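Accompanying notes for the structure given below.
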Amino acid sequence: MDKGFLKAGNPRTLLAAFLYFDVSFMVWVLLGPLGISIAHDLHLNAGQKGLLVATPVLAGALLRVLAGALVDHFGPRRVAIGAQILVIAGLFLTWVIAPHSYGALFGVALVLGVAGASFAIALPLASAWYPPQYQGTALGIAGAGNSGTALASLFAPGLAVLYGWVNVLGLATLPLTAVLVAFIFLASEPPQRRSSGGLVTWLPVLRSGDCWLLMFFYGVTFGGFVGLASFLTIYFNDQYGLPPAIAGSCTALVVFVGSFVRPLGGAMADRIGGERALSILFALAVAIFAVIGFGLPTIWLAFPAFFLGMLVLGLGNGAVFQLVPTRFPSRVGILTGLVGMSGGVGGFYLASSLGAARQATGSYGPGFLGFAAVALVAFACVGVCRRRWAAERPRMSAEADATASS
């Protein structure tokens with residue numbers, strides 16, 4: 001790490017942003033690791049399980065728009081504190097009421113969606129304290145909080161077996177409260193907030209086909225990542241008969257690799273170009289998830305396949321965000337919000353489609369084959385626009401330099 005980085009910004013606030021992001025992502029996907037116990041208690045079928053664990057992912061994606069607007073108006077520190085209090089109160093109330101109906105759990109899913117909106121709060125908090133030359137490092141450190149999804153898979157299934165899934169929702173308030181206290185003391189409101197200009201400024205960006213392409217690409221990469229993080233514990237238990245704690249541990253391992261290779265994906269894109277990196281990664285994703293879709297008879301074959309699949313998706317997450325400032329150098333903030341939202345929508349699609357496929361056909365295979373087909377479309381789109389983007393790169397670089405100097 002460049003020594004100048006430690007002096008350039010606010011390390012205490014950066015640490016606070018990471019901790020807030022980490023525990024928020026932990027509870028965002030909590031219904032997935034708890035899904036085995038919830039489904040057994042409420043007698044849910046595969047389609048109901050898929051929709052339930054996918055709903056917080058979609059809610060988090062949509063609430064990021066509201067969170068971004070609130071950050072512009074009130075500042076990221078204040079919004080983070082308010083959001084964290086809301087999530088803690090919602091989980092505590094759920095623990096007290098102890099709902100035991102399928103419909104009531106969608107209220108819990110909405111509360112967890114508030115935690116998922118932390119993407120639009122923690123990253124602006126970290127970004128606003130650092131100059132342009134250190135943005136990648138600062139956002140990489142804060143963004144590493146997506147590893148919190150692995151913590152949920154690692155601990156929640158075993159705790160649910162010991163204490164019940166309702167009590168696990170109550171226990172989740174303990175790390176949330178501890179991080180809230182630390183956040184209040186560590187985080188400082190940025191001296192100058194970088195306003196995105198409101199929703200009106202999104203309209204010109206949304207008219208660009210490149211914006212929709214980047215949203216689609218991230219919907220495949222991060223959507224695949226968070227969709228699998230939400231659903232794999234259920235899948236490993238249902239498909240291969242693994243006990244909940246073992247299924248959660250397997251999920252945590254593949255989620256960890258997807259989380260921590262994200263910076264390597266950005267570095268890979270820097271070295272060989274974002275378009276070329278995505279072409280390679282989407283091709284690998286098509287092959288891996290097609291093989292999974294056609295069926296792997298044992299966990300000893302399935303686990304390495306999912307490990308490689310998550311590795312590819314994690315690298316793809318970094319590669320997509322390497323392209324954002326390349327294609328839209330003067331609209332990075334807006335694109336970050338739009339692209340981040342599309343990732344959550346993609347996660348909702350994958351988790352819900354896996355449950356629907358199981359319910360309709362008795363197999364998860366069609367769900368994975370559908371995801372492989374979507375990755376194939378993404379691969380084709382990269383191929384179509386790759387030559388045009390390469391030709392426009394000198395102009396985009398000049399615009400980026402002009403934006404940085406201003």
Side-chain angles (χ1 to χ4, degrees), residues 13-14 16-30 54-91 107-129 135 138-139 142-146 148-149 176 179-180 183-184 187-190 192-203 205-206 211 215 218-219 222-223 226 230 317 321 324 331-348:
T13 298
L14 182 59
F18 165 78
L19 293 174
Y20 165 62
F21 198 25
D22 197 58
V23 294
S24 294
F25 262 49
M26 179 187 71
V27 298
W28 184 31
V29 299
L30 194 56
T55 298
V57 178
L58 180 63
L62 300 179
L63 287 172
R64 287 177 182 184
V65 180
L66 175 61
L70 292 174
V71 164
D72 282 348
H73 189 73
F74 296 105
R77 181 181 182 274
R78 295 182 184 90
V79 176
I81 292 172
Q84 192 83 321
I85 291 173
L86 180 60
V87 173
I88 292 170
L91 288 176
V108 182
L110 183 61
V111 171
L112 300 183
V114 175
S118 59
F119 179 94
I121 304 170
L123 268 61
L125 176 62
S127 172
W129 278 103
Q135 285 292 303
L139 293 178
N146 64 18
T149 54
L176 288 172
V179 167
L180 174 61
F183 186 92
I184 290 172
S188 299
E189 203 72 78
Q192 292 183 337
R193 295 199 296 272
R194 299 170 183 173
S195 173
S196 65
L199 298 181
V200 176
T201 60
W202 290 24
L203 297 179
V205 178
L206 287 172
C211 169
M215 291 170 65
Y218 201 63
F222 185 77
V226 74
S230 300
N317 290 334
F321 263 93
V324 168
R331 293 288 187 271
V332 174
I334 296 172
L335 259 294
T336 297
L338 289 170
V339 171
M341 179 182 68
S342 67
V345 174
F348 171 81

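What you are looking at is a predicted structure, and each value in this text was computed from that prediction instead of being measured.
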Given the rule in the side-chain contact (heavy atoms from CB on, under 4.5 Å) test, do Phe183 and Leu125 qualify, once you have shown the distances and angles that lead to the verdict?
-> CA-CA 12 Å; Phe183 186 92; Leu125 176 62; 3.6 Å; yes
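With rounding to the nearest 0.5 Å, the separation of OG in Ser188 from CG in Leu14 is 12.0 Å. Rounding to the nearest 0.5 Å gives a distance of 10.5 Å between CG of Leu58 and CG of Leu110. Atom CG in Asn146 sits 9.5 Å away from atom CZ in Phe18 (nearest 0.5 Å).
Contact between Ser118 and Ser24 at its shortest, heavy atoms only, is OG-CB, 3.3 Å. Across Gly113 and Ala59, no two heavy atoms sit closer than the pair CA-CB, 3.9 Å. Between Val339 and Ser342, the shortest heavy-atom distance links the atoms O-OG, 2.6 Å. Nearest heavy-atom pair, Gly148 versus Asp22, reported as atom, atom and distance to 0.1 Å: N-OD1, 3.1 Å. Pairing each heavy atom of Ala16 with each of Ala187, the nearest pair is CB-CB, 3.8 Å. Taking all atoms of both residues into account, the shortest heavy-atom contact from Pro124 to Val71 is CB-CG1, 4.3 Å.
Of the possible donor and acceptor atoms, none in the side chain of Arg64 sits under 3.5 Å from a partner among the backbone N and O of Leu338. Gln84 places no side-chain N or O within 3.5 Å of a backbone atom of Tyr20 that could act as its donor or acceptor partner.
Under the 30°/60° scheme for interplanar angles, the aromatic rings of Phe25 and Phe21 are found to stand perpendicular.
Looking only at side-chain heavy atoms (C-beta outward), Val111 and Leu86 stay at 4.5 Å or farther from each other. Considering only heavy atoms from C-beta on, Leu112 stays 4.5 Å or farther from Thr55 through its side chain. Inter-residue side-chain proximity for Arg77 and Ile184 is flagged as met; some heavy-atom pair is nearer than 4.5 Å.
Residues meeting the side chain to side chain contact (heavy atoms under 4.5 Å, CB included) test with Val57, sequence neighbours left out: Trp28, Val226, Ser230.
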